[in-house]
Amino acid sequence: MSDRETNGAGSPGEATRQHATLTIGNEQYELDVRRGTIGPDVVDVGNLYKQTGRFTYDPGFTSTANCKSSITFIDGDKGELLYRGYPIDQLAENTNFLAVCYLLLYGELPTNTEFINFRRTITNHTMVHEQMTRFFTGYRRDAHPMAVMVGTVGALSSFYHDSTDITDQEQREIASHRMIAKMPTIAAMAYKYSIGQPFIYPRNDLDYTSNFLQMCFAVPSEPYIVNPIISRALDRIFILHADHEQNASTSTVRLAGSSGANPFACIASGIACLWGPAHGGANEAALNMLKEIGSVDRVPEFVAKAKDKSSGFRLMGFGHRVYKNYDPRAKVMQKTCHEILDALGHRDDPLLKIAIELERIALQDEYFIEKKLYPNIDFYSGITLRAIGFPVELFTVLFAVARTVGWIAQWKEMIEDPEQRIGRPRQLYIGPPRREFPAE
Ligand code: SDX
């Protein structure tokens, strides 16, 4: 295939006048090239089948853009992450999670008035229908909280018939606000149910993250004071996890939404996908891995195991499909981890020592250098969340609480994209050719 630059033109996302020429045998086909604001151009293969009778083949979507988006951009080589153009470290340092929710949903940072109105709207949607509590009695107490989240968030779709006409902009907005507001409440209920404590209602006098902490850790028998250092740290952790381009769970939400499915059910599909240890489940898997390593002097043994393909073992919290440099979120996460451990007097946490040694050895090792494997966001988040007091089973639930705004912002963008249609990938068939049913 060769590029032929005529005179590049067109606004971001539209076809430029550059073309790609595909040669198959003695046939040549012209393909449009589209240019974004930043990042790689794309070769538009939308008409490839019509033109050539052939599909593209890209099982893990390693080279495939499935949409245009203006929400989040990752430069994997530089290790840069932008939310609506703002670098993640600047957002983590200078604002709060709810303002980032506004930014991801509406494209601009809120003015003071916009923030106050948005916070009031979200606050007023944090309660769930009282009948939701009945769903919990059907779960085993020891059910994994992600199983509870998939079931309970999916059940929200049985309550809100006034926000399921996705062609109505106002209903899309109400559904988005409800999802962002109710996710922490449901997550806290899943935690309380697992430890046999009563559900704690949301409090409208607290900010988003402080409210979540009190719903998780307060008990009716005594007042609960939110630790501002913990609340600020968790709020920053939510910002880091809020969105991340077209990752597996976001692509799941987009595909589910492309059929016009109920938005709450689409978010439930995202939760299901996030649960996997290769994706959002890695924070839980990374902490369990550090526990399994057990001591600093066993780190070399596990690094060797991770390099041995036949072991099937991978360092959880290491590597990334897009980042071939340090995950910028992991740097902020590491800083937050040290702050929390210092503030809570866990500076000598043995798991932190193991994590620091594991990172030191891996970053010097040829295998990891050659494969560009760096710590990702999940490497330090587990230690931090454990120090705050969350059980390891709840880590991915916390990831889902934060990622809800990303899922819903991407879902809204997909619904509002005039180019969007139901997603329907094709395949390379390798099964048996037509054959007749055997005669008697
Ligand atoms: C998240 O997509 C997103 O944006 C996800 C996420 C988000 O915010 O939504 O960032 C959140 O999911 C972060 C990733 C969390 N997962 C883990 O930490 C699990 C451990 N990591 C790996 O399983 C892996 O790195 C993935 C799944 C994250 C990335 O998978 P890829 O891009 O398909 O990488 P790969 O499997 O092709 O690996 C490339 C090579 C392979 O070796 P070769 O076949 O080339 O010889 O690197 C090796 C892999 O064996 N490798 C690892 C490794 N990760 C990749 N070897 C040891 N330990 C690892 N962790």
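Along the sequence shown, the residues carry numbers beginning at 1. Small disclaimer: the values here were computed from a predicted structure and weren't measured. Counting convention: from 1, in listed order, for ligands and their atoms alike.
Shown here is Phe61, whose CZ atom has no more than 12 heavy atoms of other residues, nucleotides or ligands within 6.0 Å. The local environment of OH in Tyr429 is crowded, with over 12 non-hydrogen atoms from other residues, nucleotides or ligands closer than 6.0 Å. Remark: Lys372 NZ is loosely packed, at most 12 non-hydrogen atoms of other residues, nucleotides or ligands lying under 6.0 Å away.
Taking each of Lys371, Glu370, His241 in turn, the one with a heavy atom nearest to atom 47 (O) of ligand 1 proves to be Lys371. The option from Phe318, Phe379, Tyr367, Phe399 that lies nearest to atom 56 (N) of ligand 1, judged by heavy atoms, is Tyr367.
Checked options Asn376, Ile377, Leu81, Leu373; the residue passing with Tyr323 is Leu81 (criterion: side chain to side chain contact (heavy atoms under 4.5 Å, CB included)).
No salt bridge links Arg178 with Glu173; every basic N to acidic carboxylate O contact stays at or beyond 4.0 Å.
Set against the non-hydrogen atoms of Ala278, the atoms of ligand 1 under 4.0 Å away are 12 (O), 14 (C), 15 (C), 16 (N), 27 (C). Atoms of ligand 1 lying under 4.0 Å from at least one heavy atom of Gly317, given by number and element, are 17 (C), 18 (O).
Taking any N or O of Arg321, backbone or side chain, at least one lies under 3.5 Å from an N or O belonging to ligand 1. Below 3.5 Å of separation, one finds no N or O of Ala282 facing any N or O of ligand 1.
Taking 4.0 Å as the cut-off, Val322 does not count as a neighbour of ligand 1 on heavy-atom distance. At least one heavy atom of Asp378 sits under 4.0 Å from some atom of ligand 1. For the ligand labelled ligand 1, residue Tyr323 lies outside the 4.0 Å heavy-atom shell. Ligand 1 has at least one atom lying under 4.0 Å from a heavy atom of Ala306. Note on ligand 1: Lys309 sits in its first shell, one or more heavy atoms being nearer than 4.0 Å. The closest approach between any non-hydrogen atom of Lys307 and ligand 1 is not below 4.0 Å.
In Arg329, the part holding a heavy atom less than 4.0 Å from any atom of ligand 1 is the side chain. The side chain of Leu373, and not its backbone, has at least one atom closer than 4.0 Å to an atom of ligand 1 (non-hydrogen atoms only; side chain from C-beta on).
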Checklist entry - Stepwise, does the side-chain hydrogen bond (donor to acceptor under 3.5 Å, both in side chains) test hold for Gln169 with Glu416? => result CA-CA 9 Å; Gln169 194 277 332; Glu416 291 160 5; 5.0 Å; no
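Here the protein heavy atom with the shortest distance to atom 2 (O) of ligand 1 is Asn247 CB, 3.3 Å. Looking only at protein heavy atoms, the nearest one to atom 30 (O) of ligand 1 is Arg314 NH1, 4.4 Å. In this structure, atom 10 (O) of ligand 1 lies nearest to the protein heavy atom His320 NE2, 2.6 Å.
By the 30° and 60° cut-offs, the orientation of the rings of Tyr193 relative to Tyr139 is perpendicular. Ring geometry for Tyr102 against Phe118 counts as perpendicular: the plane angle is over 60°, on a 0 to 90° scale with 30° as the lower cut.
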